[in-house]
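Numbered from 1 within each chain, the chains take letters A, B, ... in sequence-line order. All values derive from a computational prediction rather than experimental measurement.
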Amino acid sequence: MIWEWIIKSVLLILVMLVGFAYVTLYERKVLARLQVRVGPNRAGPSGLLQPVADGIKLIFKEELIPAMADKKIFLLAPILTVVPALILLAVVPWGRSAPFFGREITLYLADINVAVLYITAIASISVYGIVLAGWSSSNKYATMGGIRSTAQMISYELALGLSFVGPILIAGTMSMLGIVDKQQEIGWFALYQPVGFLIFFIATLAETNRAPFDMPEAEQELTAGYHTEYSGMKFALFYMAEYDKMIGVSAIAATLFLGGFDGPFVNQIPWLGPLYLFIKIAFMLFLMIWVRATLPRIRYDHLMAFGWKVLLPLSLLNIMVTALVIVLVGGG
Amino acid sequence: MTLELILFIILALVAVAAALGMVLSRNTVYSALFLILNFVTVAVFYLMLNAAFLAMAQITVYAGAIMVLFLFVIMLLGAERIPGEDKLPWQKPLAVFLGFVLLVETGYILISRSGILPPAPTAGEGFGSPEAIGMVLFNQYLLPFEVTSIVLLVAMIGAVILSRRVK
């Protein structure tokens, strides 16, 4: 039994490692198409080996540590950034259970009754890597970038956490599997919680430091923000954390609002579950890339004002209305 | 030795080491990081005691939100280094003495009452689940809960007023 968990955990980490590489390619391809370019197409058939080439390039880069840097924390920061991104997916179910070489295996790692809280817990500790990276570099741009990203992530975490409340209220459980079950019964929560879904999407863009909220790494003000001083594989780890977080929040969005692994015939053929989830994740990733290609970066004070004065009251109002409707209709 | 006991000993060592590191390190950023490690270890203790909700709240609130603000303040003020000379030289011997007294007291009570203390009750069905905690919080402890929220609100308004620029 414990071996099953270990194998599934290793598989999950591998999916994140390979997924990260191919999300970068996916992003570059989609961006290129949106900007009427071709995109990477030299390494391998239609550019499919581009991530491998990038990885090899980064391994052979020289690793620099600034002389004034706090060495221990400088080395710790990339690790602290990657670990939360890798374990974020542990509570997302890919299906119920499926036959596998004559054995019935469950298609989720852990179905816990505090799964949604687990996500907020991981989101709240994922700030440390970035802020410590900025501070330990002892570079003014890096420190500014680190402090900015802390302020931004704390501000948008509130709206993110509150946007989880809608699905929890409707499903009446914090278990991800329970939330998917309820959606199979009454339909996807994006239909019941359009405002909640929008708030979730905006807040996750800010949490993952994606455009138009890529404030910590605004080139013209901060050179490269918190990872200015990082090079080689340590830089690659920050890059990996960003894209793995994108995969993670896309999977969470798919599960909380788009029915998760739900789809036609999923109860008859359980192996369709992971496929449906994959399609939904790809769709959410496409939305994030599309937003990046479309919108300019928001100015920092506008960003904070938007988070506190628009997004937070809106999400509180959304919860109030949702709760009221559930009480009036009777039971979630 | 059961697996749980081995796990407990390892975690306890980490928790104590993190607490010592927090008190003894001369760099406040390191202290804050050790404190975060300590909070996370305590959260794992809660998990071992079947209190998953408390564990997640501990990580979100203490290790996440509060400690981020600590780090934020340390970095904004540039107060990483504690100055070398000790302003309160009598503090250390007194702390050692008081700590020793506390240890003796605890040890005395534990040894003298070892037969009287009942064994820990086993956790019931649904113990520590979000539903159970919510029911207790909003029924039995409704008044303290609401009073706490008002105290927090007052503190927040106070902070806003204090930081407002005088025109």
Side-chain angles (χ1 to χ4, degrees), chain A residues 2 70 72-74 76-77 80 83-84 87 91 110-138 140 142-155 157-158 160-161 164-165 168 172-175 178 226 308, chain B residues 3 21 25-44 46-47 50-81 125-135 138 156 160:
Chain A
I2 195 157
D70 190 313
K72 279 175 228 147
I73 295 188
F74 192 78
L76 185 71
L80 278 183
V83 169
I87 61 176
V91 291
D111 179 37
I112 49 178
N113 63 356
V114 289
V116 178
L117 283 175
Y118 172 85
I119 295 168
T120 58
I122 299 298
S124 75
I125 56 167
S126 69
V127 187
Y128 287 118
I130 289 175
V131 67
L132 288 175
W135 174 77
S136 65
S137 306
S138 73
K140 60 186 170 192
T143 310
M144 277 299 295
I147 286 176
R148 267 192 188 184
S149 77
T150 327
Q152 173 184 327
M153 286 166 98
I154 295 173
S155 307
E157 230 160 62
L158 293 171
L160 183 70
F164 290 154
V165 178
I168 296 173
T173 175
M174 285 194 197
S175 141
Y226 60 90
W308 286 103
Chain B
L3 187 67
S25 68
R26 304 295 297 168
N27 187 325
T28 40
V29 172
Y30 281 61
S31 289
L33 288 180
F34 276 122
L35 191 56
I36 296 165
L37 179 62
N38 188 279
F39 283 155
V40 172
T41 326
V42 172
V44 181
Y46 287 149
L47 268 186
N50 278 339
F53 178 84
L54 263 190
M56 293 305 149
Q58 162 92 2
I59 293 182
T60 313
V61 177
Y62 286 97
I66 290 180
M67 288 315 292
V68 165
L69 289 182
F70 267 66
L71 266 185
F72 201 69
V73 170
I74 292 170
M75 287 175 189
L76 273 184
L77 295 182
E80 292 93 349
R81 298 255 156 231
E125 181 70 27
F127 169 82
S129 70
E131 291 93 344
I133 288 179
M135 287 309 267
F138 287 101
M156 214 155 73
V160 170

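Interface remark: B/Phe72 contributes side-chain atoms only to the contact with chain A (heavy atom separation under 4.5 Å). Using a 4.5 Å cut-off between heavy atoms, A/Ala151 touches chain B through backbone and side chain atoms alike. Of the two parts of A/Ile154, only the side chain, counted from C-beta on, holds a non-hydrogen atom closer than 4.5 Å to a non-hydrogen atom of chain B.
Side-chain contact between A/Ile73 and B/Val29 is present, with heavy atoms from C-beta onward closer than 4.5 Å. Taking the side chain as every heavy atom from C-beta outward, B/Ile59 and A/Thr120 never approach each other to under 4.5 Å. Using a 4.5 Å heavy-atom threshold, the side chains of B/Leu33 and A/Leu132 count as touching.
Within a 6.0 Å radius of OH in B/Tyr30, other residues, nucleotides and ligands contribute more than 12 heavy atoms.
The distance from the CD atom of B/Glu131 to the OG1 atom of A/Thr173 is 6.0 Å, given to the nearest 0.5 Å.
A distance-only check finds no donor-acceptor pair linking the side chain of A/Tyr118 to the backbone of B/Met56 [under 3.5 Å]. A distance-only check finds a donor-acceptor pair linking the side chain of A/Tyr128 to the backbone of B/Gly64 [under 3.5 Å].
Contact count versus chain B (heavy atoms, under 4.5 Å) is highest, among A/Leu76, A/Val131, A/Val127, A/Leu80, for A/Val131. Ranked by heavy-atom pairs under 4.5 Å with chain A, the list B/Ala52, B/Ala55, B/Pro130, B/Ala43 is led by B/Pro130.
Taking each heavy atom of B/Val68 and A/Ser124 in turn, the nearest pair found is CG2-O, 4.4 Å.
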